[in-house]
Protein chains: 2
Amino acid sequence: MQDLRKSFHRDGPDVRRRALIEATLALISERGIEAASVRAIAARADVTQGLIRHYFSSKEELIAAAYAHHMAGLTEHSFTKDALDETGSAGARLRALVIASLTAPVVDPGALALWAGFMSRVQRDPEMRRIHAEAYTEFQKRCALLIEAALRDVGRDPTPDQIKRLTFAVNALLDGLWLEAGALPEVFENEDLPQLGLEAVGAVLRLDLITAE
Amino acid sequence: MQDLRKSFHRDGPDVRRRALIEATLALISERGIEAASVRAIAARADVTQGLIRHYFSSKEELIAAAYAHHMAGLTEHSFTKDALDETGSAGARLRALVIASLTAPVVDPGALALWAGFMSRVQRDPEMRRIHAEAYTEFQKRCALLIEAALRDVGRDPTPDQIKRLTFAVNALLDGLWLEAGALPEVFENEDLPQLGLEAVGAVLRLDLITAE
DNA sequence: ACAGCTGTTATACGATTGAATAATTTCTAC
DNA sequence: GTAGAAATTATTCAATCGTATAACAGCTGT
């Protein structure tokens, strides 16, 4: 009993996979994980629901793919060109990282909703957990390199253990600020979040990130 | 078509409400928000599903009540007796707060799963948002008092704005460490998380919390 | 002992879910 | 151009969801 058969349109696997992933992210971000039904996702991606299982063996697999995509995007947006610019000083790169991590589009209520929706599955879905650990480790690793270089630039000689602990702390600080600003944007809207981040990270590392050249 | 009618047992409103709330929390914590159906909750609380709507006008209301209960519990567990002990120095109380915030049962994968499950609703459910903002503000306020007192104890005279910003940073740090340890317990299991927290919070505040008396 | 109220159980309803399968369209290889 | 594979749409299925309502049980006041 169909009104009108949907027009047939063929697309490459990559295009379709990406469209489905982005539809999933948009739905979770806007209306929560429970709104991301296969039917809603398919409608958003402008395909019929059967197609999802042509590209993903289950909804769970699609969710996991979307999570990996989202996390990669967050890391991507945090490590901007400035943070990767090897000609800049380590301090300047670290500063760029802090600023980018605490600015839109990384700081964003939608991104937080996404993250929370996924995180509630990380605990008990092994594949989600793997993706989480991988993204986290990757971010941590790149962060640690920057921190070590910045410390060495000012003549400090931290032990590997010190670097590890400082990296944990800096990471936690960035995550915490990111989280709180995303959760209650109105509380932070008159705060200069990047500036606050630079001061706090600088304090933890005992480095001046504000005037770092 | 029932096998056997469930035995009738009467209980007070408070007992039943609490049992339903705790069943809800246990379910979300163990199997995620989507596992917390009215049927599953009722089964866990050992009542039949109709009873839920006798005490809560909707499932949403039960979820909100559970969230408020959970958040109050977290704050409760963070502000231990030591953190409230007015005879101790502000530094010692702050230290107690940091330690309690970074120790079980506050740091716990189940607590994180709960938090994430709820957080994914905070963005779009006004009542959930109200509860979140209230719990957050309460924690922040008590934290700010402790920070101000600790700073004054060592002769510093922070402006209200400085206190606010330091409180944001300390809060973010605690939340971030709490979060990361809850998300990947195996990464942190060989770390002394409270010690790490004391060092980092101390660095942000430029206070020695380790040997604080 | 009876009436009425409230706590509780049981059942029913319509909507929605993820998955499976069937039917249709398009493309590619020959 | 025709056969077969691949991509897409359409339909079906059993299960589960939140809610609503009906039936029952036990207490309380008289």
Side-chain angles (χ1 to χ4, degrees), chain A residues 1-24 27-28 31-67 117 120-121 124-125 127-128, chain B residues 1-21 23-24 27-28 30-67 117 120-121 124-125 127-128:
Chain A
M1 193 70 71
Q2 85 214 40
D3 305 305
L4 193 63
R5 189 180 181 93
K6 184 176 189 310
S7 76
F8 190 103
H9 179 227
R10 211 182 193 93
D11 257 329
D14 1 318
V15 175
R16 278 280 138 91
R17 279 184 67 96
R18 165 170 280 261
L20 287 170
I21 284 174
E22 283 174 355
T24 305
L27 272 172
I28 297 179
R31 308 202 282 115
I33 188 104
E34 62 270 46
S37 66
V38 292
R39 285 165 180 83
I41 294 169
R44 181 101 183 199
D46 197 31
V47 299
T48 51
Q49 62 158 320
L51 196 59
I52 288 185
R53 289 198 12 108
H54 190 259
Y55 288 105
F56 300 92
S57 73
S58 72
K59 179 187 169 181
E60 216 171 271
E61 192 183 303
L62 168 56
I63 298 279
Y67 183 43
S120 69
R121 304 196 160 199
R124 62 196 179 300
D125 181 334
E127 174 64 6
M128 292 291 279
Chain B
M1 193 68 70
Q2 85 215 41
D3 305 305
L4 193 63
R5 190 179 181 93
K6 184 176 188 312
S7 76
F8 190 101
H9 180 226
R10 211 182 195 96
D11 257 329
D14 0 319
V15 175
R16 279 279 137 91
R17 280 183 67 95
R18 164 169 281 262
L20 287 170
I21 285 175
T24 305
L27 273 171
I28 298 180
E30 291 166 17
R31 308 202 281 114
I33 189 104
E34 63 270 47
S37 67
V38 292
R39 285 165 179 83
I41 293 169
R44 181 101 183 197
D46 197 30
V47 298
T48 51
Q49 63 158 319
L51 197 59
I52 288 185
R53 291 201 9 111
H54 187 70
Y55 287 105
F56 300 92
S57 73
S58 71
K59 179 187 170 182
E60 216 172 90
E61 192 183 303
L62 168 55
I63 297 279
Y67 183 43
S120 68
R121 302 194 161 199
R124 63 194 180 292
D125 180 333
E127 175 63 6
M128 292 291 280

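At most 12 non-hydrogen atoms from other residues, nucleotides or ligands lie less than 6.0 angstrom from CZ of B:R18. Within a 6.0 Å radius of CD in A:E34, other residues, nucleotides and ligands contribute more than 12 heavy atoms. By the neighbour-count criterion of 12 heavy atoms within 6.0 Å, atom CZ of A:R16 is densely surrounded, having more than that number from other residues, nucleotides or ligands. Annotation for A:R124: atom CZ counts as buried by contact number, over 12 foreign heavy atoms lying within 6.0 Å.
Residue B:L27 contributes atom CG, which lies 11 Å from atom P of D:dG18 at whole-angstrom precision. Between the CD1 atom of B:I63 and the C1' atom of D:dC17 there is a distance of 13 Å, given to the nearest Å. D:dG18 atom P lies 14 Å from atom CG of B:L20, rounded to whole Å. We find that CZ of A:R17 is positioned 13 Å from P of D:dT8, with the value rounded to whole Å. To the nearest angstrom, C1' of C:dT16 lies 13 Å from CZ of A:R31. Taking atom CG of residue A:D46 and atom P of nucleotide D:dA10, one finds them 11 Å apart after rounding to whole Å. In this entry the distance linking CD of A:Q49 with P of C:dT21 reads 15 Å, nearest Å. Put simply, NE2 on B:H9 is 13 Å from C1' on D:dA25, counting in whole angstrom units.
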task = Sugar-phosphate means primed atoms, P, OP1 and OP2; the rest is base. With that split, encode nucleotides 24-30 of chain C 5' to 3' as B, S or - using protein heavy atoms under 4.0 Å.
result = SBBS---

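Residue A:R39 is in base contact, counting any heavy-atom pair closer than 4.0 Å across all strands shown.
Taking all atoms of both residues into account, the shortest heavy-atom contact from A:A65 to A:I21 is CB-CD1, 3.9 Å.
Note on B:E61 versus B:R53: no salt bridge recorded, every NZ/NE/NH1/NH2 to OD/OE distance being 4.0 Å or above.
Note on A:S37: every side-chain N or O is 4.0 Å or more away from OP1 and OP2 of C:dT16. Neither OP1 nor OP2 of D:dT8 sits under 4.0 Å from any side-chain N or O of A:T48.
Nearest-nucleotide positions on DNA chain D place A:G12 closer to the 5' end than the other of B:A36 and A:G12.
Contact annotation: the side chain of A:R17 never approaches that of A:L20 to less than 4.5 Å [non-hydrogen atoms, C-beta and beyond]. You'll find the side chain of A:I63 stays beyond 4.5 Å of the side chain of A:D125, heavy atoms only.
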Verdict with reasoning, B:D46 to B:H9, per side-chain contact (heavy atoms from CB on, under 4.5 Å) = CA-CA 10 Å; B:D46 197 30; B:H9 180 226; over 6 Å; no

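Within residues 50-61 of chain B, the residues having any heavy atom under 4.0 Å from DNA chain D are, by residue number, B:R53, B:S58, B:K59.
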